[in-house]
Amino acid sequence: AQSVAQPEDQVNVAEGNPLTVKCTYSVSGNPYLFWYVQYPNRGLQFLLKYITGDNLVKGSYGFEAEFNKSQTSFHLKKPSALVSDSALYFCAVRLGIKAAGNKLTFGGGTRVLVKP
Amino acid sequence: DTAVSQTPKYLVTQMGNDKSIKCEQNLGHDTMYWYKQDSKKFLKIMFSYNNKELIINETVPNRFSPKSPDKAHLNLHINSLELGDSAVYFCASSQLGYSTPYNEQFFGPGTRLTVL
């Protein structure tokens with residue numbers, strides 16, 4: 001079984017301040033981890049992924065995420081948030097290579113509100 | 001060019017009716033998915049097709065029947081619609097390579113289904 005927890009329903013941050021969105025996961029085996037963003041009335045857009053290698057992953061729009069195996073976490077970060085980063089963020093996990101059909105399990109989402 | 005498209009964008013219908021949602025992708029991917037996003041924004045996979053073969057079939061009422069006429073299309077037919085079927089339905093696609101199993105999924109814009 002695999003699961004993802006996003007402990008914060010909402011994160012509020014002032015524009016220009018660092019942004020962190022938390023994610024922890026549970027999976028039997030090596031995890032593949034993803035972050036997606038959903039803007040209002042839109043589909044999900046891929047931000048970044050961790051498969052293997054360097055624990056710090058860089059993605060779109062200045063976002064990065066750090067994989068921490070001991071803490072089973074994959075927190076999303078941005079050094080300086082923009083008002084346009086306000087959206088719903090989803091963390092997702094899938095099991096390793098032989099998982100059937102690229103089955104992603106999503107966290108419950110974290111709403112980010114960046115205030116000017 | 002739209003990568004993953006869905007029609008219709010909005011669907012309002014009465015309980016008991018039968019309706020279909022269509023999805024098309026022009027990315028050349030071999031795998032397509034249907035997700036349901038409920039009113040609390042929780043996202044859950046329903047089905048996945050790989051090269052027209054059903055490979056993921058989650059616990060979904062059998063009133064929901066996916067059909068994939070070819071790799072680029074995945075339709076969702078829903079019989080005897082119920083109030084609880086009201087949600088946003090997302091189609092997604094990816095390239096499912098078993099030697100490169102970590103390809104991200106691309107999502108369509110969603111179909112908002114409202115059952116009255």
Side-chain angles (χ1 to χ4, degrees), chain A residues 1-6 8-10 21 23 27 29-53 57 59-60 63 65 67 74 87-112, chain B residues 2-6 9-10 21 23 25 27 29-59 66 68 74 88-112:
Chain A
Q2 55 199 46
S3 64
V4 178
Q6 293 180 241
E8 299 157 317
D9 288 337
Q10 182 159 323
V21 186
C23 170
V27 68
N30 291 326
Y32 296 157
L33 295 153
F34 301 79
W35 275 102
Y36 286 83
V37 60
Q38 184 179 23
Y39 297 101
N41 300 314
R42 302 284 295 275
L44 276 71
Q45 294 180 30
F46 169 76
L47 280 178
L48 50 79
K49 64 187 176 188
Y50 171 82
I51 304 300
T52 187
V57 178
S60 307
F63 283 95
F67 171 65
F74 189 55
L88 187 58
Y89 290 79
F90 289 96
C91 182
V93 66
R94 62 158 287 180
L95 195 49
I97 295 176
K98 294 186 178 179
N102 195 11
K103 177 181 173 182
L104 281 182
T105 298
F106 284 86
T110 298
R111 190 168 300 282
V112 170
Chain B
T2 303
V4 182
S5 59
Q6 296 178 227
K9 189 170 175 62
Y10 299 97
I21 307 172
C23 178
Q25 55 95 3
L27 298 167
H29 290 160
D30 61 3
T31 305
M32 297 183 72
Y33 313 79
W34 278 112
Y35 287 87
K36 178 180 180 181
Q37 186 175 46
D38 63 23
S39 59
K40 295 184 178 181
K41 305 298 184 184
F42 185 70
L43 197 66
K44 193 175 191 317
I45 190 165
M46 301 172 69
F47 302 103
S48 176
Y49 270 77
N50 173 250
N51 287 319
K52 300 194 297 176
E53 178 185 351
L54 183 65
I55 56 172
I56 294 177
N57 187 356
E58 292 296 286
T59 307
S68 182
L74 179 62
V88 180
Y89 292 85
F90 287 102
C91 177
S93 74
S94 73
Q95 186 64 22
L96 181 66
Y98 284 98
S99 60
T100 56
Y102 39 78
N103 295 318
E104 59 270 22
Q105 296 178 19
F106 291 78
F107 283 76
T111 295
R112 183 175 295 277

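Note that this is a predicted model, so its numbers are computed, not measured. The analysis underlying the following values was restricted to heavy atoms, covering all of them including side chains, and did not include hydrogens, waters or symmetry mates.
- Heavy atoms of other residues, nucleotides or ligands lying less than 6.0 angstrom from NZ of K9(B) number more than 12.
- The neighbour count for E58(B) CD, taken as heavy atoms of other residues, nucleotides or ligands under 6.0 Å away, is above 12.
- Neither the backbone nor the side chain of Q45(A) comes within contact range of chain B, judged by heavy atoms closer than 4.5 Å.
- For Q6(B), no part sits under 4.5 Å from any heavy atom of chain A, backbone or side chain.
- Less than 6.0 angstrom separates the ring centroid of F63(A) from the ring centroid of Y89(A).
- Atom OH in Y50(A) sits 8.0 Å away from atom CG in N30(A) (nearest 0.5 Å).
- Residue L44(A) touches chain B through both its backbone and its side chain, counting heavy-atom pairs closer than 4.5 Å.
- Comparing F106(B), Y49(B), F90(B) by how many heavy-atom pairs each has under 4.5 Å with chain A, the most go to F90(B).
- Within the 4.5 angstrom heavy-atom criterion, only side-chain atoms of F46(A), from C-beta onward, approach chain B.
- Checked against side chain to side chain contact (heavy atoms under 4.5 Å, CB included), D9(A) has no partners two or more places apart in sequence or in another chain.
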